[in-house]
2 protein chains.
Amino acid sequence: MEKRNPVERIEYELTTFIRRAVYLDNSEKKIGNLERSAYLLLRHLDEFGPARVKELAESFKLDISTVSRQAAALEAKELIIRFSDPADGRVSLFTVTKLGKQKLKADKKMRLKRFESITSEWSADEKQLFGDLLIRMNEAFFD
Amino acid sequence: MEKRNPVERIEYELTTFIRRAVYLDNSEKKIGNLERSAYLLLRHLDEFGPARVKELAESFKLDISTVSRQAAALEAKELIIRFSDPADGRVSLFTVTKLGKQKLKADKKMRLKRFESITSEWSADEKQLFGDLLIRMNEAFFD
DNA sequence: TATATATAGTTGTATTATACAACTATATAA
DNA sequence: TTATATAGTTGTATAATACAACTATATATA
């Protein structure tokens with residue numbers, strides 16, 4: 001690995017990261033109690049406010065049928081609630097319930113704790129720069 | 001997003017990255033021609049030399065039955081070949097074929113090109129540091 | 001040496017996440 | 001008023017995966 005050029009290393013490490021992160025999300029060692037899909041969905045609603053299925057699907061790059069089922073599952077667990085868009089009868093809007101907020105908060109806390117521990121030896125500058133670069137990478141990667 | 005602390009941003013961006021990278025890998029816009037699993041398997045054999053199913057499974061954090069099928073599929077496509085371990089008749093070892101090396105090389109090239117383009121505006125230092133931090137993160141994340 | 005146990009890998013089966021297609025309900029355009 | 005477009009749901013197929021049962025081989029033990 002030492003001989004790689006920087007971009008090769010980035011590619012290598014990110015590919016490895018994805019494989020293992022997906023594993024971790026499905027293993028008993030996963031962070032928190034929510035499925036990754038549930039976590040992302042709740043987080044989106046919590047951050048951006050009520051959203052419809054289509055909007056969520058676009059954000060996650062999933063088919064709306066998939067998100068429709070994910071949302072239905074969260075609704076059944078009473079983590080989100082559905083209400084009709086007064087301006088358009090076809091649209092279902094979802095919002096996070098009190099319970100959903102609790103669960104999200106708890107999971108986020110655990111995830112942050114893990115990331116705090118991972119980066120505990122990093123300098124403030126390193127953390128800052130890493131975050132910046134991730135944002136840039138995400139923007140450039142998906143357009 | 002601007003209000004987040006650095007670690008929160010790292011958690012946020014990495015979570016987002018995984019979701020979208022998984023999508024990209026399955027979409028028609030994916031990089032290269034190999035499945036992600038095939039790419040990783042070929043890459044491992046190419047880097048570390050002949051390996052058995054168990055070793056690959058441990059490296060990828062997959063069940064050996066899963067890797068056994070992945071390897072069988074690559075064998076059928078003649079990208080890898082199987083040979084018996086002379087020292088242990090139970091063990092199948094795999095190695096990359098000439099064709100496999102070609103395909104791997106072609107895919108790696110495309111992936112690197114993409115990552116080159118993503119990081120084209122980054123300074124050499126930034127690339128270097130990003131790679132270093134990813135390595136550190138991967139090590140700390142999965143032990 | 002003969003038998004019991006452990007290991008490597010394969011194959012059968014169930015589950016889950018996903019996409020696509022068919023469908024329903026509603027909205028908009030002609 | 002009818003045709004078309006859109007939002008979402010539900011049916012169905014596929015693919016990736018884990019776990020369990022099994023086969024073949026190796027190692028340990030009586």
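All values reported here derive from a predicted model rather than from experimental measurement. Just so you know, these numbers use all the heavy atoms, side chains as well, and skip hydrogens, waters and symmetry mates.
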Among the nucleotides [options], which one has an atom lying closest to any side-chain atom of [X]?
X     : options                : result
A/V91 : D/dA7, C/dG9, C/dT18   : D/dA7
A/R90 : D/dT25, C/dT18, C/dA27 : C/dA27
B/L62 : D/dT10, D/dA18, D/dT9  : D/dA18
B/R52 : D/dT10, C/dA8, D/dA20  : C/dA8
A/R82 : C/dT10, C/dA6, D/dT9   : D/dT9
B/Q70 : C/dG9, D/dT17, C/dA6   : D/dT17

When we call it a touch if two heavy atoms are under 4.0 Å apart, what does [X] touch: a base, just sugar-phosphate, or nothing?
X     : answer
B/S65 : base
A/S92 : sugar-phosphate
B/D63 : base

Would a 4.5 Å heavy-atom cut-off, applied to side chains only, mark B/F60 and A/R20 as touching?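 Contact flag for B/F60/A/R20 side chains = no.
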
How about B/L133 and A/W122: do any of their side-chain heavy atoms sit closer than 4.5 Å?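 With C-beta onward as the side chain, the pair touches.
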
Expressed in angstrom and rounded to an integer, what is the separation of [X] atom [atom1] from [N] atom [atom2]?
X     : N      : atom1 : atom2 : answer
A/D25 : D/dT17 : CG    : P     : 14 Å
B/K61 : D/dC19 : NZ    : P     : 14 Å
B/L41 : D/dA16 : CG    : P     : 13 Å
B/Y23 : C/dC20 : OH    : C1'   : 14 Å
B/R36 : C/dT18 : CZ    : C1'   : 14 Å
B/I80 : C/dG9  : CD1   : P     : 12 Å
B/L24 : C/dT18 : CG    : P     : 15 Å
A/F94 : D/dA7  : CZ    : P     : 15 Å

May I ask you to decide if the ring planes of B/F130 and A/F130 are parallel, tilted or perpendicular, using 30° and 60° as cut-offs?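 It falls in the tilted class, 30° to 60°.
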
Paired with C/dC20: which nucleotide, if any, by Watson-Crick or G-U wobble criteria at under 3.5 Å for both distances?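 D/dG11 - that is the nucleotide pairing with C/dC20, both distances being under 3.5 Å.
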
Between A/T16 and A/Y12 (side chain of the first, backbone of the second, donor and acceptor by atom type, cut-off under 3.5 Å), is there such a pair?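 Indeed, once roles are kept as given, a pair shorter than 3.5 Å links the two residues.
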
Pick the nucleotide of DNA chain D nearest each of A/R19 and A/E55; which residue has the one closer to the 5' end?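 Whichever sits nearer the 5' end wins; that is A/E55.
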
Pick the nucleotide of DNA chain D nearest each of B/D88 and B/R69; which residue has the one closer to the 5' end?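 Nearer the 5' end of the strand: B/R69.
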
Passing candidate, side chain to side chain contact (heavy atoms under 4.5 Å, CB included) with B/L56, options B/L62, B/T66, B/L41, B/L40: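 Among B/L62, B/T66, B/L41, B/L40, the one meeting side chain to side chain contact (heavy atoms under 4.5 Å, CB included) with B/L56 is B/L41.
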
